[in-house]
Number of protein chains: 2
Amino acid sequence: MTTAKRNTWQREAVREALGSSDGFISAQGLYSNLRDGGSPIGLATVYRALASLAVEGEADSLQSPEGEALYRACSTTGHHHHLICRNCGLTVEIEADAVEEWAQQVASANGFTEPQHVVDVFGLCRDCSAQARSAQASA
Amino acid sequence: MTTAKRNTWQREAVREALGSSDGFISAQGLYSNLRDGGSPIGLATVYRALASLAVEGEADSLQSPEGEALYRACSTTGHHHHLICRNCGLTVEIEADAVEEWAQQVASANGFTEPQHVVDVFGLCRDCSAQARSAQASA
DNA sequence: CTGGTTTTGACAATCATTATCAATAAGGCG
DNA sequence: CGCCTTATTGATAATGATTGTCAAAACCAG
């Protein structure tokens, strides 16, 4: 009963597809991508692979404001955060050491353990900001 | 055509139920609470009222790690963050001025506008930490 | 009260995700 | 090399939250 994790091309395919996508992507989106690429992979398998990668620490997962789970390849064992354009999906990795400490501090000050802080900033990137402004001007 | 927002007992009921619940609560949970309290309110109406309150700034909304939308009565003007026990739901409001500034700073440094930072810390409160420890010890 | 409009509410539709379960394929062992 | 055990896959059903639909009811003004 030694965990016995088998090596399948499907898992590799998901890992690779995740790695070659730029920002965060939903499981559904990744599934579509894989299908486009010719892999006859199953949807359920994509979900399982993503969950597995997330547990193993090879992928980052977060909830979009719309309630979808988004995933991203995350090579670093380190813990970092993101600045995500809520219009075009552009993602920038940001440093958050100060916030890290703050979260730890606040958590333990209240007796909490295992703080999993959700520190992601959604906004509009420069281009989308401009678009939004002109759209509003004409409205 | 002045917005014409009507005053219905249903909206009040949702507002009140939200106010009297301790921490964050899901729309479904709030619906159950209201039904228990005797209000024959409809589920769709609860969703609409919550969305409306969130837009008006009277309610805070966030995504739980499980992907549900959680709501909470929130003082209209202030913007604050939360420390939430992911086991028992205990919620503590936390000050985050430093993080506020940091988010603004990071966002504008990257050309982003309208930063909606998601800064919530999920953890295990003291009681649940103890429980988890003993559970693991016996496992 | 009456009219015009908004809002409600029951239910269907949608969407993402998870469970089911037989068939497949991986990996070890003889 | 081929077999056997068992993890894994994948099509589909099930689930669960949320949103859309639309006729009926409620609200406000005149």
Side-chain angles (χ1 to χ4, degrees), chain A residues 1-18 21 23-56 58-72 86 89, chain B residues 1-18 21 23-56 58-72 86 89:
Chain A
M1 59 162 283
T2 54
T3 310
K5 182 154 288 180
R6 289 180 185 176
N7 210 15
T8 62
W9 62 265
Q10 284 96 337
R11 200 170 300 237
E12 272 306 313
V14 169
R15 196 195 320 252
E16 190 181 349
L18 195 63
S21 96
F24 279 90
I25 189 171
S26 66
Q28 307 274 346
L30 202 65
Y31 173 63
S32 298
N33 279 5
L34 283 163
R35 280 306 190 79
D36 286 351
S39 285
I41 197 171
L43 176 59
T45 304
V46 173
Y47 273 97
R48 279 186 292 239
L50 284 175
S52 175
L53 289 173
V55 168
E56 294 167 32
E58 294 196 59
D60 242 6
S61 71
L62 64 84
Q63 298 282 341
S64 78
E66 294 83 36
E68 277 183 86
L70 302 181
Y71 295 88
R72 189 181 191 212
R86 86 175 84 95
Chain B
M1 57 162 285
T2 52
T3 310
K5 182 153 287 182
R6 290 183 183 173
N7 212 14
T8 61
W9 62 265
Q10 285 96 336
R11 200 169 301 238
E12 273 305 315
V14 169
R15 195 194 321 251
E16 190 181 350
L18 196 62
S21 95
F24 279 90
I25 189 171
S26 67
Q28 306 274 347
L30 202 65
Y31 173 64
S32 298
N33 280 5
L34 282 163
R35 281 305 192 77
D36 286 350
S39 286
I41 197 171
L43 176 59
T45 304
V46 173
Y47 273 95
R48 278 185 293 241
L50 284 174
S52 175
L53 288 173
V55 167
E56 294 167 33
E58 295 195 59
D60 240 6
S61 70
L62 64 86
Q63 298 282 342
S64 77
E66 293 82 36
E68 278 183 84
L70 301 181
Y71 296 87
R72 189 184 190 208
R86 88 175 82 97

Please state how far atom CG in A:L50 lies from atom C1' in D:dT9, giving the value in whole angstrom units.
15 Å

Please list all pairs passing the side chain to side chain donor-acceptor pair (under 3.5 Å) test where one or both residues lie in residues 40-51 of chain B, with sequence neighbours left out.
B:Q28-B:Y47

Which heavy atom of A:P40 sits nearest to which heavy atom of A:W9, and what is that distance?
CD-CH2, 4.1 Å

Collect all protein-nucleotide pairs involving nucleotides 1-4 of chain D in which both atoms are nitrogen or oxygen and the distance is under 3.5 Å.
none

Those residues of residues 30-37 of chain B lying under 4.0 Å from DNA chain D by at least one heavy atom:
none

Provide, to the nearest angstrom, the distance between the CD atom belonging to A:E66 and the P atom belonging to D:dT19.
11 Å

Sorted by chain and residue number, the salt bridge (charged side-chain N to carboxylate O under 4.0 Å, His left out) partners of A:E16 (sequence neighbours excluded) come out as none

List the atom of B:E68, the atom of B:S26, and the distance in Å for their closest heavy-atom pair.
OE1-CB, 3.4 Å

For B:R11, side chain to side chain donor-acceptor pair (under 3.5 Å) partners two or more places apart
B:S52

Reported CG-to-CG distance for the pair A:L43 and A:L30, which is rounded to 0.5 angstrom:
10.5 Å

Rounded to whole Å, how long is the line connecting atom CZ of B:R15 with atom C1' of C:dT7?
15 Å

A side-chain contact here means heavy atoms from C-beta on lying under 4.5 Å apart; do A:L62 and A:F24 qualify?
yes

B:E12 atom CD is separated from D:dA26 atom P, nearest whole Å, by 18 Å

Assign a letter to each nucleotide of nucleotides 17-30 of chain C from its 5' end: B, base within under 4.0 Å of a protein heavy atom; S, sugar-phosphate only; -, no contact.
BBBB----BBS---

Applied to residues 35-44 of chain B, the side chain to side chain donor-acceptor pair (under 3.5 Å) test, sequence neighbours excluded, yields B:Y31-B:R35

Check this one for me: any side-chain N or O of B:Q10 less than 4.0 Å away from OP1 or OP2 of D:dA26?
no

Rounded to the nearest 0.5 angstrom, the OG1-CD1 distance for B:T8 and B:I41 is 7.5 Å

Value for CZ (A:R72) from CG (A:L18), rounded to nearest 0.5 Å, stands at 9.0 Å

What residues, two or more places apart in sequence or in another chain, satisfy salt bridge (charged side-chain N to carboxylate O under 4.0 Å, His left out) together with A:R15?
A:E12, A:E58

